[in-house]
Amino acid sequence: FHDDQHGTAIVLLAALLNAARVLGRELPGMKVVVSGAGAAGTAIARMLRCVNFDPQVCVPVDDIIVCDSQGIIDAQRQRLAPEKQELLGYTNRHRRSGSLRDALEGADVFIGVSKGGLLNADDIRVMAPGPVILAMANPEPEIFPAEAKRGGAAIVGTGRSDFPNQVNNVLAFPGIFRGALDAGASAIDGSMKLAAAHALAATVGAPSADKILPTPLDRTVAPRIADAVRQAAGESH
């Protein structure tokens, strides 16, 4: 279990589950763009596309396009690193190429795990109506909430505590490890990660555009995640 990247992926899935509830949409039908092809971006893409997850409990999003500093990762790119070649096995199903802006055309969700200041309101306008923007570069997000909303974003989250919807992987960790320890599990598998994400989403009883995740100070979160993880561990081991 690679702490940071898998914790981030779990919290992001929870955020998207609640964003879909708020907007009345189905997560499996969403098209997602991820900016950042490092460990975090890869873990997010794998979880959202259900790579090595039980298909009976994990329903993948329609498609994910992953971008790095050179734009869309596609099969036409020269000298792709092996880990980026592997991404092509489960992302960019429609073989798109071009820039990050090209990737955003018609997308429902933008997830940023890259660097600040990449996007502006015009970039958001080429996305599907009312997109979800989760821009997590710190201290400067890929786009600030006010600018994203100016471009038509319906829900915006960042990695910062001074804006609504902070995507913070600390929301996942205590509960996951407590649940794994309680279950006597020797590893944290996909079913346990999914259970953690769904339990985290459920801690927000009535999600809204400005509250798709609980705050990291909410003491009810860890016990609920621990319970769900313990139960999932018991069912899968």
Please round to the nearest 0.5 Å and tell me the distance separating atom [atom1] of [X] and atom [atom2] of [Y].
X    : Y    : atom1 : atom2 : result
Q56  : S191 : CD    : OG    : 11.5 Å
I73  : I64  : CD1   : CD1   : 12.0 Å
N169 : H6   : CG    : NE2   : 12.0 Å
I44  : L16  : CD1   : CG    : 9.5 Å
F177 : I188 : CZ    : CD1   : 5.0 Å
N138 : T158 : CG    : OG1   : 7.0 Å

Locate the shortest heavy-atom distance separating [X] from [Y]; write the atom from each residue and the value.
X    : Y    : answer
A172 : G7   : CB-O, 4.1 Å
L23  : G130 : CD1-O, 4.0 Å
I212 : I155 : CD1-CG2, 3.9 Å
A197 : L17  : O-CD1, 4.4 Å
L213 : A14  : CD2-CB, 4.0 Å
G175 : I225 : C-CG2, 3.7 Å

Would you mind reporting whether [Y] and [X] have side-chain heavy atoms less than 4.5 Å apart?
X    : Y    : result
I72  : L100 : no
E147 : N120 : yes
F110 : L134 : no
Q166 : L171 : no
P131 : I124 : yes

Please lay out, stage by stage, how R77 and D74 fare under the test salt bridge (Lys or Arg N to Asp or Glu O under 4.0 Å).
CA-CA 6 Å; R77 290 260 299 268; D74 73 277; 5.2 Å; no
Is [X] linked to [Y] within one hydrophobic cluster, defined over Ile, Leu, Val, Met, Phe, Trp and Tyr using a side-chain heavy-atom separation of less than 4.5 Å?
X    : Y    : result
L118 : V156 : yes
I133 : L12  : no
V34  : L104 : no
L87  : V113 : yes
V57  : M47  : yes

Output yes when a side-chain donor or acceptor of [X] lies under 3.5 Å from a complementary backbone atom of [Y], and no otherwise.
X    : Y    : result
D62  : G29  : no
T203 : L200 : yes
D54  : G190 : no
N18  : P207 : no
N92  : I65  : no
D182 : G179 : no
R230 : A180 : no

Check the pair K31, D108 against salt bridge (Lys or Arg N to Asp or Glu O under 4.0 Å), reporting the backbone distance first and the verdict last.
CA-CA 5 Å; K31 294 178 172 60; D108 302 288; 5.5 Å; no
Does this structure show an ion pair linking [X] with [Y], if we count only N-O contacts that are shorter than 4.0 Å?
X    : Y    : answer
R101 : D123 : yes
D210 : K149 : yes
D68  : K84  : yes
D227 : R224 : no
K193 : D189 : no
R46  : E86  : yes
D63  : R49  : no

In terms of side-chain heavy atoms, does S35 have a donor or acceptor partner in E142 at a distance below 3.5 Å?
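Absent: no donor and acceptor within the cut-off.
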Taking distance alone, no hydrogens or angles, what donor-acceptor pairs closer than 3.5 Å link side-chain atoms of residues 216-223 to residues at least two apart or in another chain?
unit_1 : atom_1 : unit_2 : atom_2 : d
D218   : OD1    : T220   : N      : 2.9
D218   : OD1    : T220   : OG1    : 2.7

Under the side chain to side chain contact (heavy atoms under 4.5 Å, CB included) criterion, do L48 and F53 qualify, and how do the steps go?
CA-CA 10 Å; L48 293 183; F53 285 82; over 6 Å; no
Counting only heavy atoms not in Q85, do more than 12 fall under 6.0 Å of its CD?
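Yes.
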Side chain to side chain contact (heavy atoms under 4.5 Å, CB included) for F144 and R160? Distances and angles first, verdict last.
CA-CA 10 Å; F144 279 96; R160 291 171 49 145; 3.8 Å; yes
Please determine whether side chain to side chain contact (heavy atoms under 4.5 Å, CB included) holds for the pair L27 and V61, giving the CA-CA distance in whole Å, both sets of side-chain angles, and the decisive distance to 0.1 Å.
CA-CA 6 Å; L27 187 60; V61 298; 4.0 Å; yes
Under the side chain to side chain contact (heavy atoms under 4.5 Å, CB included) criterion, do L80 and L88 qualify, and how do the steps go?
CA-CA 10 Å; L80 271 180; L88 292 174; 3.9 Å; yes
